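These figures come from a predicted structure and were not determined experimentally. Chain A is the first sequence line, chain B the second, and so forth, proteins listed ahead of strands; every chain is numbered from 1. As a basis for the values below, the full set of heavy atoms in this structure was taken, side chains included, without hydrogen atoms, waters or symmetry mates.
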Number of protein chains: 2
Amino acid sequence: MWSRPRKAPRQTLTLERIVAEAVALLDEEGVTGLTMRRLAERLGTGSTTLYWHVRTKEDVLDLALDAVFGEAAMPEARPGEPWHEPVRALMGAWRSALLRHPWSATVLDRPLLGPNALARTEFLFQALIAAGFPAPGAAAHSLAGFVTGSVISQVTWQERAGEDVDVFLRERADGWPALAAHGLAPEWDATFAEGLGYLLAGMDQALG
Amino acid sequence: MWSRPRKAPRQTLTLERIVAEAVALLDEEGVTGLTMRRLAERLGTGSTTLYWHVRTKEDVLDLALDAVFGEAAMPEARPGEPWHEPVRALMGAWRSALLRHPWSATVLDRPLLGPNALARTEFLFQALIAAGFPAPGAAAHSLAGFVTGSVISQVTWQERAGEDVDVFLRERADGWPALAAHGLAPEWDATFAEGLGYLLAGMDQALG
DNA sequence: CCACTACTAGACCATCGATCCGGTCGGCGT
DNA sequence: ACGCCGACCGGATCGATGGTCTAGTAGTGG
């Protein structure tokens, strides 16, 4: 998708409009609600026309997901600041953007090669290099993977698990005592902050 | 009365057989290759029959995913061992099981409420409680989320990104210098171990 | 022997992603 | 002034999917 050249415009129906409408549709109806026909209908055109701008539906999802990444602000590094401050800020913005569009979590299983995603990954790499990691790859992947996993967990539990889950767990509390005692759905923001804190503390320690 | 109303089922097609065949089919053809029709065909039956044993295709995926979790061995805690050893072992087995069935990564966006998944979560909770976490929820979610995210990253890059990605990145190296210099696809095992090490070290530190 | 339950299957429905084929519009070269 | 070609659009259609309806069959308890 990203490596293919873009076509010249006639500007009545543009990729930008398609992507914006796709995000809106996804926000309203989730990933199963995104249909080429419905998307075309909302754009006042036929489904065939979309395929002139886009090769497959996957392309639409790629574009929509990268648009979400674009919502994550990249913090400005202030001098004298501890290295993990901008990293923490970026991961928080990253997470917030994904949570603002819960469908994005179910769509993260694709290469994040959009310009917005790459820009943020680049930012993360540079921040880690500046912090003292000569090979920031592992640290960057750990942080990105942590955010991804956290968001997926949260969205999954919030959207697809109802009260019946708690009941289910408590009814069979003898089978999973620790689970039933502490519950499965935590305070998500605090949980994320705590986990990110562990990661960053471990990295700090490794840096000596 | 004393003789149990032994409901002797037909036993020709069982849930177990369905799940086993679904896993095999998923292994061979990925998540898009799993079709109720194809699954039925492999089982020598009609697609309708599956719906007697299963309510929807989602059920099949839930069952298949839990079967994968069942492959992750739960380590035995040896006395005197540092607390993070069994945790590290569990997360490693967890990750390996998911990687052995790469389709599972794209299917992790659902509540993990199967017996196998719950048993391992319970194990994790207990290990963290024993380590000294009075409220292990956040730590457990951090670890689980980290594994989830790591696996998704790895599978995504390994399966869906080809050489063209490297070329694409290197061609535009001026836009993302750090990225192009260090590459996107690391040594996965080492990366995972390093990240998990950070997490555990941070937790150790928090425990005092 | 009957009734009932466990189980199976073919035809069918709405819908989906994608394509075929036939258009329409507008700027460019001449 | 003109025509023409590529950018753009859409109705009809294809093959396939998840799921249901209806109509069965086989084995077992009564």
ask   = Residues two or more places apart in sequence or in another chain: which of them pass side-chain hydrogen bond (donor to acceptor under 3.5 Å, both in side chains) with Asp109(B)?
value = none
key: Chi angles and distances behind the side chain to side chain contact (heavy atoms under 4.5 Å, CB included) call for Leu143(A), Leu90(A)   = CA-CA 10 Å; Leu143(A) 287 163; Leu90(A) 176 67; over 6 Å; no
ask   = Looking only at side-chain N and O atoms, does His53(A) come under 4.0 Å of OP1 or OP2 in dA7(D)?
value = no
request  = Pick out which of Asp66(A), Asp62(A), Leu118(A), Leu65(A) makes a side chain to side chain contact (heavy atoms under 4.5 Å, CB included) with Leu112(A).
outcome  = Leu65(A)
ask   = Taking only residues two or more places apart in sequence, or in another chain, which ones meet Glu29(A) in a salt bridge (Lys or Arg N to Asp or Glu O under 4.0 Å)?
value = Arg38(A)
request  = Could you tell me whether Arg120(A) sits above the aromatic face of Phe69(A), with NZ or CZ closer than 6.0 angstrom to the six-membered ring centre and within 45 degrees of the axis?
outcome  = no
message = On DNA chain C, compare the nucleotides closest to Trp52(B) and Lys57(A); which residue's is nearer the 5' end?
response = Trp52(B)
Give each protein N/O atom lying under 3.5 Å from an N/O atom of nucleotides 19-23 of chain C, with the pair distance.
from	atom 1	to	atom 2	distance (Å)
dT19(C)	O4	Thr48(A)	OG1	3.4

remark   = Contact check, residues 25-43 of chain A vs DNA chain D, heavy-atom distance under 4.0 Å, returns Arg37(A)
task = Evaluate salt bridge (Lys or Arg N to Asp or Glu O under 4.0 Å) for Glu58(B) paired with Arg110(B), printing each intermediate quantity in order.
result = CA-CA 10 Å; Glu58(B) 292 283 288; Arg110(B) 66 190 68 235; 3.3 Å; yes
All side-chain hydrogen bond (donor to acceptor under 3.5 Å, both in side chains) counterparts of Glu71(A), not counting sequence neighbours = Arg100(A), His101(A)
task = Can you figure out which of dA7(D), dA6(C), dA18(C) approaches the side chain of Thr56(A) most closely?
result = dA18(C)
Nucleotide dT17(D), atom P - distance to CD of Glu58(B) in whole Å = 17 Å
key: By salt bridge (Lys or Arg N to Asp or Glu O under 4.0 Å) - contacts of Glu41(A) (at least two apart)   = none
